[in-house]
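What follows is one structure encoded as structure tokens, with my remarks underneath.
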Amino acid sequence: MDAALKLIPPSAPPLEGYRVLARKYRPTKFSQVIGQDFLVETLKRGIEGGRLGHAFILTGIRGTGKTTTARLIARALNCKEGPTPEPCGSCSSCETIVQDRSMDVIEIDAASRTSVDDMREIIEASRYKAATSRYKIYIIDEVHMLSKSAFNSLLKTLEEPPPHVKFIFATTEIQKVPATILSRCVRFDLKRIESVTLAAYFKKICEEEGVTFEDEAIALIAKAAEGSARDGLSLLDQAMTYGTSHITAIEVRQMLGLADSGLLLGFFQDLMEGECAKALETLRYFYQEGMDPLRLLEDLLELTHWLQCLKINPNLAQELSLSAEKKERGLTLAETLSIPSLTRVWQMLLKGFEELKRAPSPQKALEVLVIRLTHLAPLPSLQDLLEGTPLKKKS
Ligand SMILES: [Zn+2]
């Protein structure tokens, strides 16, 4: 428990001139885009063969690189050396796009400009040729936010766009975009980025920034990012501004409001062995540490699921961001528990989760759940009953 008690210094204010990681490491080439290999390959081929069409729609959860990809397409199309999948990066067009000041690449946030008049303005302007580049490119972010009439006014231009115009739409909610619009666009789906890919990426950034780390710490951040590079990078930013040049798992756990995994394993073991008093004591400790009861239940659910996977196939359990030593502890724990009893625990935790949400005092509800769990321990499984195996004494 000592290690987890270590105090975290209050987060230091960002250094002057400090650029957030997501900005600093925004890809400027297709080859730097992570976790979207298929999309990148398709785009590259399309640009090379000049078969890209005039309207695209990029869809995917937030932070997977939609606007970044949109800008990369814009660069690829407008580079003086191109259109080329490998824009030079140094011509006037490439430079102005990177600095967000190209007159011919117009970015619009549909969330704030939803009206017909806004669209009319765009359509009006699209008649005129690009000022200095090959194409006039409209990037419309969160396009699903446009009003119905705004979509309708856009439709005609999409049907017969002037040859110098390209539209790139981005959206997190493709199902809200009318079919009439979709049918006129080439669609690209950005995938949730796998946590292994994210972790490798974050490690590379740490190295560039001269920051050392524990593997477990980075794995935790990658997992909490839930497939979004941007979310992950802002967590990494936070971890770095804790002031140290070494990122530890304990700090990251505190930052994310996660229980220390060693402590959590011990807590789970106490629950399974019916050690009620001990479990309640740990629970109070978690509470003092500011841990949210629901969050703790989520952790317990995840641990139960992980232990079940371990029992079925240890390879299934590689995903969880734990150190080798803790994985070993998990394996030992999994061996002592049966699938039926883990399933029972899972059901009780899940039921408890709902109860906690409704309870006037979630903390007390959690205590009651802990008492219930510790008193459930030695129920025999159905198979044991059928085979007449005598009850095993809890170890
Ligand atoms: Zn260029």
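Keep in mind the model is a prediction, meaning the values are calculated, not measured.
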Minimum-distance pair of heavy atoms, taken over all atoms of [X] and [Y]:
| X | Y | value |
| --- | --- | --- |
| Gly330 | Leu307 | O-CD2, 3.5 Å |
| Lys311 | Ser338 | CE-CA, 4.2 Å |
| Arg134 | Leu77 | NH1-O, 2.5 Å |
| Ala224 | Leu235 | CB-CD1, 3.8 Å |
| Phe213 | His246 | N-ND1, 3.7 Å |
| Asp104 | Asn78 | CB-ND2, 4.4 Å |

Qualifying side-chain hydrogen bond (donor to acceptor under 3.5 Å, both in side chains) pairs, either residue in residues 31-42, two or more places apart: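 Listed once each, the pairs are Thr28-Gln32.
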Provide the full list of side-chain hydrogen bond (donor to acceptor under 3.5 Å, both in side chains) pairs with a residue in residues 60-73, sequence neighbours left out, each pair given once.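 Listed by first then second residue: Arg62-Asp231, Arg71-Glu107.
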Within 45° of the ring axis of Phe30 and under 6.0 Å from its six-membered ring centre, is that where the NZ or CZ of Lys44 lies?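 No.
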Using side chain to side chain contact (heavy atoms under 4.5 Å, CB included), reason through Met240 and Cys206 one step at a time and then give a plain yes or no. CA-CA 9 Å; Met240 285 182 183; Cys206 284; 3.9 Å; yes
Could you go through the side chain to side chain contact (heavy atoms under 4.5 Å, CB included) check for Thr132 and Ser92 one step at a time? CA-CA 9 Å; Thr132 55; Ser92 60; 6.0 Å; no
Tabulate below the donor-acceptor pairs under 3.5 Å that side-chain atoms of residues 356-364 make, not counting sequence neighbours, or state none.
{"from": "Ser361", "atom 1": "OG", "to": "Lys364", "atom 2": "N", "distance (Å)": "3.2"}

State yes or no: do [X] and [Y] share one hydrophobic cluster built from I, L, V, M, F, W and Y residues joined by side-chain heavy-atom distances below 4.5 Å, directly or via other members?
| X | Y | answer |
| --- | --- | --- |
| Val370 | Leu294 | yes |
| Trp306 | Met272 | yes |
| Ile371 | Tyr285 | yes |
| Phe169 | Ile137 | no |
| Leu297 | Tyr287 | no |

Can you check whether Ala130's main-chain N or O pairs, donor with acceptor, with Ser133's side chain at less than 3.5 Å?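 No.
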Would you find a donor on one side and an acceptor on the other, under 3.5 Å apart, between the side chain of Thr336 and the backbone of Leu333?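 Answer holds: yes.
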[atom1]/[X] to [atom2]/[Y] distance, rounded to the nearest 0.5 angstrom?
| X | Y | atom1 | atom2 | value |
| --- | --- | --- | --- | --- |
| Thr332 | Gln269 | OG1 | CD | 8.5 Å |
| Thr171 | Ile140 | OG1 | CD1 | 11.5 Å |
| Ile57 | His144 | CD1 | NE2 | 10.0 Å |
| Trp346 | Leu303 | CH2 | CG | 11.0 Å |
| Gln347 | Leu349 | CD | CG | 10.5 Å |
| Phe268 | Leu271 | CZ | CG | 7.0 Å |

Within the 4.5 Å heavy-atom criterion, are [X] and [Y] side-chain neighbours or not?
| X | Y | value |
| --- | --- | --- |
| Phe353 | Glu298 | yes |
| Asp237 | Leu233 | no |
| Leu21 | Glu209 | yes |
| Glu81 | Cys91 | no |
| Asp299 | Met291 | yes |
| Leu236 | Ile218 | yes |
| Pro162 | Lys129 | no |

Over 12 foreign heavy atoms within 6.0 Å of [atom1], [X]:
| X | atom1 | answer |
| --- | --- | --- |
| Glu354 | CD | yes |
| His164 | NE2 | yes |
| Lys80 | NZ | yes |

For side-chain hydrogen bond (donor to acceptor under 3.5 Å, both in side chains), just list the numbers for Thr172 and Glu142, CA-CA rounded to whole Å, side-chain angles, deciding distance to a tenth of an Å, and then say yes or no. CA-CA 7 Å; Thr172 43; Glu142 297 303 347; 3.1 Å; yes
So, using ring pair (Phe, Tyr, Trp, His ring centres under 6.0 Å) as the criterion, who are the partners of Phe286 when residues are at least two apart?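 If we apply the ring pair (Phe, Tyr, Trp, His ring centres under 6.0 Å) test to Phe286, skipping adjacent residues, the hits are Phe267.
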Suppose we screen for ring pair (Phe, Tyr, Trp, His ring centres under 6.0 Å). Which residues come up paired with Tyr138, at least two apart in sequence or across chains?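 For Tyr138 the ring pair (Phe, Tyr, Trp, His ring centres under 6.0 Å) partners, ignoring immediate neighbours, are Phe167.
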Would you check, one step at a time, whether the test side chain to side chain contact (heavy atoms under 4.5 Å, CB included) holds for Tyr135 with His54? CA-CA 10 Å; Tyr135 296 109; His54 61 269; over 6 Å; no
Look at Glu208 together with Lys24 and state whether they make a salt bridge at an N to O cut-off of under 4.0 Å.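 Looking at Glu208 and Lys24, the cut-off is not met.
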For residues 177-188, tabulate all N or O donor-acceptor pairs below 3.5 Å that involve a side-chain atom, not counting sequence neighbours.
{"from": "Ser183", "atom 1": "OG", "to": "Ala179", "atom 2": "O", "distance (Å)": "3.3"}
{"from": "Ser183", "atom 1": "OG", "to": "Thr180", "atom 2": "O", "distance (Å)": "3.1"}
{"from": "Arg184", "atom 1": "NH1", "to": "Thr180", "atom 2": "O", "distance (Å)": "2.7"}
{"from": "Arg184", "atom 1": "NH2", "to": "Glu159", "atom 2": "OE2", "distance (Å)": "2.6"}
{"from": "Arg187", "atom 1": "NE", "to": "Asp189", "atom 2": "OD1", "distance (Å)": "2.9"}
{"from": "Arg187", "atom 1": "NE", "to": "Asp189", "atom 2": "OD2", "distance (Å)": "3.4"}
{"from": "Arg187", "atom 1": "NH2", "to": "Asp189", "atom 2": "OD2", "distance (Å)": "2.8"}

When you look at Ile247 and Phe202, which way does the side chain to side chain contact (heavy atoms under 4.5 Å, CB included) test go after all the steps? CA-CA 12 Å; Ile247 306 178; Phe202 297 157; over 6 Å; no
